[in-house]
Amino acid sequence: MSCKIDFQPSADLLKERIVLVTGAGDGIGRAAALSYALHGATVILLGRTISKLEKVYDEIEEAGGPQPAIFPLNFEGATLKDFHDMAETLHKEFGRLDGILHNAGLLGRITPFEQYNPELWGQVMQVNINGPIWMTQALLPLLQASEDASVIFTSSGVGRKGRAFWGAYSVSKFATEGFMEVLADEVGSQDNLRVNTLNPGATRTQMRRSAYPGEDAATLRTPEEIMPTYLWLMGPDSRGINGQKWDAQPPRG
Ligand SMILES: NC(=O)c1ccc[n+]([C@@H]2O[C@H](COP(=O)([O-])OP(=O)(O)OC[C@H]3O[C@@H](n4cnc5c(N)ncnc54)[C@H](OP(=O)(O)O)[C@@H]3O)[C@@H](O)[C@H]2O)c1
C-alpha cells in the first residue's frame, strides 16, 4: 500500500471533470469537494444535511471554483429508485461522470460485539456499503460515458486488519475493500474506468473525535493536509491504476 502525500497537483488537474463526492458537507468529504473544485472539477455535493452542503457550495463559489451542484440524499433511507432517479437527473444535467469519491460514513458504536445492537449494525452497513454499492450500479452507465473515470471507495485501517470492538464499521470497510476488488476485476480490461480504495488514516474530524474522545486532536493531520492522494487518485496521473489499496498518509510513527 502506498501514499502520494507529496503529489503536487497542477491548478487545472481536474479541469472539465464532473466529480460526485458523498458526505461532502463535513470532514474529509468537505475538504475533498473544495479541493477538487479548486483544481477545476464541477463537483456534485451529495449528503444528508442540506445546510452543510449549501455552506460548501458557497465556499466553492467564493473561491472562484466551477459552479457545483447539490444532491441531498440520506443513505439510510435511500432506495434503488432513488439511485436510478439520481442517475437520470445527472444524465440530463451532465451526460457523464468522471469520478465518484465514496466518502460518506457512519461510525456506529465502538462496543463489545456481544452488546452490539443489530439495528445499528444494519444502519452502518446500509450507509457504508450497501447504499454505495447500489448507487455505483445505477451510475455505471454515466461512468462508462467518461473518457477517464475514477471511482474511489473510502476504507479504514480497520477495514484491512480487524480490531476488537469496531463491529459493523470494521466489517463494512472489509466489505468495501472486497467490493472494490470485485468491481476492479470486472472493469480491469476497460481503460476508461478504474476503481480503488483509499484509507485516509487518522484525520482531525468529528468521526475521529467520536472514536477517540480523549485524543489530542492537534496531533492529527487535518482533512486539507491529506488531499494530495485524493487529488492524485481522482486525476489523470493515476490513469491505469485499478484494484489497488491506497493510503492518504504515511503510517504514524
Ligand atoms: N477521520 C478519520 O480519522 C478516518 C479514518 C479512517 C477512515 N475514515 C473514513 O473517511 C470518511 C469520512 O469520514 P470523516 O472522518 O470525514 O467523518 P465525518 O466528519 O463524520 O463526515 C462523515 C460524512 O458522511 C456523511 N454521512 C453520514 N451518514 C450519512 C448518510 N446516512 N447519508 C449521507 N451522508 C451521510 C456526514 O453527513 P452529516 O455531516 O450530514 O452528518 C458527513 O458529511 C468515512 O468513510 C470514514 O469512515 C475516516
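In listed order, ligands and their atoms are each counted from 1. All values below were derived from every heavy atom in this structure, side-chain atoms included, with hydrogens, water molecules and symmetry-related copies excluded. A quick note: this is a predicted structure, and the numbers were derived from the prediction, not measured.
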More than 12 heavy atoms of other residues, nucleotides or ligands under 6.0 Å from [atom1] of [X]: is that the case?
X      : atom1 : value
His91  : NE2   : no
Arg208 : CZ    : yes
Gln206 : CD    : yes
Trp134 : CH2   : no

### Query
Using 4.0 Å as the upper bound for N to carboxylate O, is an ion pair formed by Glu88 and Lys92?
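Between Glu88 and Lys92 there is a salt bridge, with a charged N closer than 4.0 Å to a carboxylate O.
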### Query
How are the rings of Trp246 and Trp232 set to each other: parallel, tilted or perpendicular (split at 30° and 60°)?
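Trp246 vs Trp232 ring planes: tilted.
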### Query
Where does the angle between the aromatic ring planes of Phe113 and Trp121 fall among parallel (under 30°), tilted (30 to 60°) and perpendicular (over 60°)?
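Geometry flag for Trp121 against Phe113: perpendicular rings.
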#### Entry: CD1 on Ile28 to CE on Met207, rounded to 0.5 Å
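So the gap between those two atoms works out to 8.0 Å.
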[X], portion touching ligand 1 at heavy-atom distance under 4.0 Å:
X      : result
Asn74  : both
Ala211 : neither
Ala104 : both
Arg30  : neither
Thr205 : side chain
Asp26  : both
Arg204 : neither

Which of the ligand 1 atoms, numbered from 1, are nearer than 4.0 Å to a heavy atom of [X]:
X      : answer
Ala202 : 3 (O)
Thr49  : 38 (P), 40 (O)
Glu76  : 31 (N)

Which one of [options] has a non-hydrogen atom at the shortest distance from [atom]?
atom                    : options                     : answer
atom 22 (C) of ligand 1 : Ser51, Gly27, Pro72, Gly105 : Gly105
atom 17 (O) of ligand 1 : Arg48, Met207, Gln123       : Met207
atom 7 (C) of ligand 1  : Ser155, Ala24, Ser210       : Ser155

May I ask you to check whether [X] has an N/O atom sitting below 3.5 Å from an N/O atom of ligand 1?
X      : answer
Ser156 : no
Thr154 : no
Ile28  : yes
Tyr169 : yes

Can you tell me if [X] has a non-hydrogen atom under 4.0 Å from ligand 1?
X      : result
Leu73  : yes
Gly157 : no
Gly201 : yes

#### Entry: No-hydrogen, no-angle side-chain donor-acceptor test under 3.5 Å, Ser150 and Arg17
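Note: Ser150 and Arg17 side chains miss the donor-acceptor criterion.
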Does any part of the side chain of [Y], heavy atoms only, come nearer than 4.5 Å to the side chain of [X], both counted from C-beta?
X      : Y      : value
Thr22  : Thr154 : no
Glu147 : Arg96  : no
Leu45  : Lys52  : no

